[in-house]
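Worksheet for the structure shown next.
Chain letters run A, B, ... following the sequence lines, proteins first, then strands; residues in each count from 1.
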2 protein chains.
Amino acid sequence: MGEGVKRDGDARRERWREHRAARRAEFVEAALKALDEHGPDLAMEHVAAAAGVTKPVLYRHFTDKADLFVALGQRGTEILFERLIPAINREEAPVPRIRKSLDAFFSVIEDHPNLYRMLARKAFNGRPVDSDPVREDKEMIAAALTSLLGDYMRALGLDSGAAEPWAYSIVGMVQTTGEWWLDRRSMTRDALVEYLTTIIWSAIDGFLRQHDIQIDPDKPIEINKVVQLRRAR
Amino acid sequence: MGEGVKRDGDARRERWREHRAARRAEFVEAALKALDEHGPDLAMEHVAAAAGVTKPVLYRHFTDKADLFVALGQRGTEILFERLIPAINREEAPVPRIRKSLDAFFSVIEDHPNLYRMLARKAFNGRPVDSDPVREDKEMIAAALTSLLGDYMRALGLDSGAAEPWAYSIVGMVQTTGEWWLDRRSMTRDALVEYLTTIIWSAIDGFLRQHDIQIDPDKPIEINKVVQLRRAR
DNA sequence: GGTAACTGTTACTTCAGGTAACACTAAAGG
DNA sequence: CCTTTAGTGTTACCTGAAGTAACAGTTACC
């Protein structure tokens, strides 16, 4: 049939596709290096330089700064999830589970402060601020949390419509305290984690008590739910 | 005594100083207009145009984009506080007090969505992202809340060191849900306010119960504390 | 040995932020 | 009345980072 028209590709194509992906990843790593060196105001030229090439090469792999930014956001989410997911999915009592999740988060931003600052400040220094490329990642995180909370709420017979505001509240709270902490460092990570654990647990506990449910903070709960990630990367 | 050296100024100086302040305010209003027209990506040229002049005039009153940005941040805080302070200081039961404060906040950002977006995205589209000019304002808000919460905590004999993380948590939670709500509008303002009221009250209530304190959400509390604002504008 | 899919370069354009230089005006005060 | 002070305003430029054009290799499959 329609053979031979556009043959040959195939085997070759595949290899190149892999290669391109690897190259993009390489630039993302270069960007991380550049962030460490030049602070959170990332310039495309620096990224290219950190990768040992000049701008146009970089631009063959990323259509624009926003594109690189998105990739950095994804990488950031990946780094975060590597530590967060095991912590949040532990079969453990609620309070230690919260504590470990928070600690995972703060340890990640401690390790990559400039990346975090750059992503939190949606600011590229460049022109087209367009519409926030990190949004997608933040929404993914919030969505994961929404569904986790929603599962629990449904299991307990509560209004699961509240799950989304709860998720965004927690994300916002952690994000903002994160920025504040990085800039000030006015307390140790452990102390901060402890305070936030208390706040979050208080919120959950208070909420449940208002619905006449009591849960022991230090005993694993029976109906244990787990974060599902839909990563269609 | 040391008279006559640099006389004459004085009366004249004062008048000019007032004039300059008025002029700055005029540009801030122009910036608000420009925000409404061109969205949250504010260009200096547009601001100047909205004020009916060209850039250099604007630059005689603001050294810098950051300078204008700071002024916008202050104006924003002012607008916010106009509605927030009366709500938060009401002599009322805790829950309605929280509810009214939240409603004040969300009504403000509903009225000035682009201003809010611009301030929340610390992003200028321009070069010198420097260090966040809105930070000061956010910190002022957080500080006010810290001292309010601290007062209550001390009055109840609790660790007031937790006040600051609580304050940043609440600020962050409200800010992030604010951005999310503006972009999505997936629920009414009232519904969102109601959810957040519940979350915050749950947190407070849970926290207090853990210290064996119970407070009626619908009765004014005896030891009523109030926000002090140190506005040295 | 040709060609597809890259590697890389230097030298540009574009655009927003910011500045220089120049011309004018109102009013306080000798 | 005319100078000085502190403004009003303009057009034409500089700067620096984003992004592009045009051109010159290199590799490896078929």
Side-chain angles (χ1 to χ4, degrees), chain A residues 3-24 26-27 30-31 34 38-70 118 123-130 133, chain B residues 3-24 26-27 30-31 34 38-70 118 123-130 133:
Chain A
E3 278 296 45
V5 184
K6 195 79 194 287
R7 276 315 326 283
D8 105 353
D10 269 10
R12 212 141 48 165
R13 273 233 171 75
E14 189 54 23
R15 262 179 43 81
W16 280 125
R17 226 167 43 89
E18 276 168 38
H19 176 65
R20 273 198 307 267
R23 208 74 212 286
R24 267 177 76 101
E26 207 175 279
F27 280 113
H38 303 285
D41 285 11
L42 196 54
M44 292 304 262
E45 201 140 10
H46 291 156
V47 177
V53 295
T54 49
K55 273 193 299 171
V57 178
L58 173 56
Y59 276 100
R60 281 228 203 63
H61 295 274
F62 295 88
T63 67
D64 67 7
K65 199 173 186 179
D67 192 14
L68 173 61
F69 211 85
V70 168
M118 180 193 186
F124 328 7
N125 38 11
R127 238 66 51 56
V129 183
D130 291 350
Chain B
E3 279 296 42
V5 184
K6 194 79 195 286
R7 279 311 328 285
D8 105 353
D10 268 11
R12 213 144 46 167
R13 276 233 170 75
E14 188 55 22
R15 265 178 41 82
W16 280 124
R17 228 168 41 90
E18 278 169 35
H19 176 64
R20 275 197 306 266
R23 207 77 211 285
R24 266 177 78 101
E26 210 174 275
F27 280 113
H38 303 285
D41 286 11
L42 196 55
M44 291 304 260
E45 200 141 10
H46 291 157
V47 176
V53 295
T54 49
K55 273 193 299 171
V57 178
L58 173 55
Y59 275 100
R60 276 220 277 281
H61 294 276
F62 296 87
T63 65
D64 201 69
K65 198 173 189 180
D67 192 14
L68 173 62
F69 211 84
V70 168
M118 180 192 185
F124 325 9
N125 38 9
R127 237 65 49 55
V129 183
D130 292 347

**Study point:** Nearest-angstrom distance from the residue atom NZ of B:Lys65 to C1' of D:dG16
**Key:** 15 Å
Exercise for review: Could you check which of D:dA17, C:dA28, C:dT10 has an atom nearest any side-chain atom of B:Arg15?
Suggested key: C:dA28
Check your understanding: Got a salt bridge between B:Arg15 and B:Glu18, using NZ or NE/NH1/NH2 to carboxylate O under 4.0 Å?
Key -> no
Practice item. Could you check how far CG of A:Asp41 sits from C1' of D:dG16, rounded to whole Å? Key: 13 Å
**Study point:** B:Val57 side-chain proximity, nearest of C:dG17, D:dG9, C:dT9
**Key:** D:dG9
Review point. For B:Arg23 and B:Lys55, take the nucleotide of DNA chain D holding the closest heavy atom to each; which residue's nucleotide lies nearer the 5' end?
Key: B:Arg23
Revision key, fill the gap. One should read off an interatomic distance between A:Arg20 CZ and A:Arg60 CZ, to the nearest 0.5 angstrom, of 12.5 Å
Review point. Where is the tightest heavy-atom contact between A:Ala30 and A:Ala50, given as atom of each residue plus distance?
Key: O-CB, 3.6 Å
**Study point:** Between P of D:dC29 and CD of A:Glu18, the distance in whole Å
**Key:** 13 Å
Check your understanding: Parallel, tilted or perpendicular: which fits the ring planes of B:His61 and B:Phe27, with parallel below 30° and perpendicular above 60°?
Key -> tilted
Revision key, fill the gap. In short, A:Ala48 meets A:Thr54 closest at the heavy-atom pair CB-C, 3.7 Å
Exercise for review: Could you tell me whether A:Val53 contacts a base, only the sugar-phosphate backbone, or nothing, with contacts defined as non-hydrogen atoms closer than 4.0 Å?
Suggested key: sugar-phosphate
Review point. Atom NE2 of B:His61 to atom P of D:dG9: distance rounded to whole Å?
Key: 7 Å
Exercise for review: Give the rounded distance in Å between these two atoms: OH of A:Tyr59 and C1' of C:dC12.
Suggested key: 14 Å
Exercise for review: Using atom CG of A:Asp64 as one end and atom P of D:dT20 as the other, report the distance to the nearest whole Å.
Suggested key: 8 Å
Check your understanding: Below 4.0 angstrom from OP1 or OP2 of D:dG9, is there any side-chain N or O of B:Thr54?
Key -> no
Review point. Taking atom P of D:dG19 as reference, at what distance in whole Å does atom NE2 of A:His46 sit?
Key: 15 Å
Practice item. Measure the distance from CZ on B:Arg60 to P on C:dC22 and round it to the nearest whole Å. Key: 15 Å
Check your understanding: Is A:Arg20 touching bases, backbone alone, or none of the nucleic acid, heavy atoms closer than 4.0 Å?
Key -> sugar-phosphate
**Study point:** Side-chain N,O (A:His19) to OP1/OP2 (D:dT27) below 4.0 Å
**Key:** no
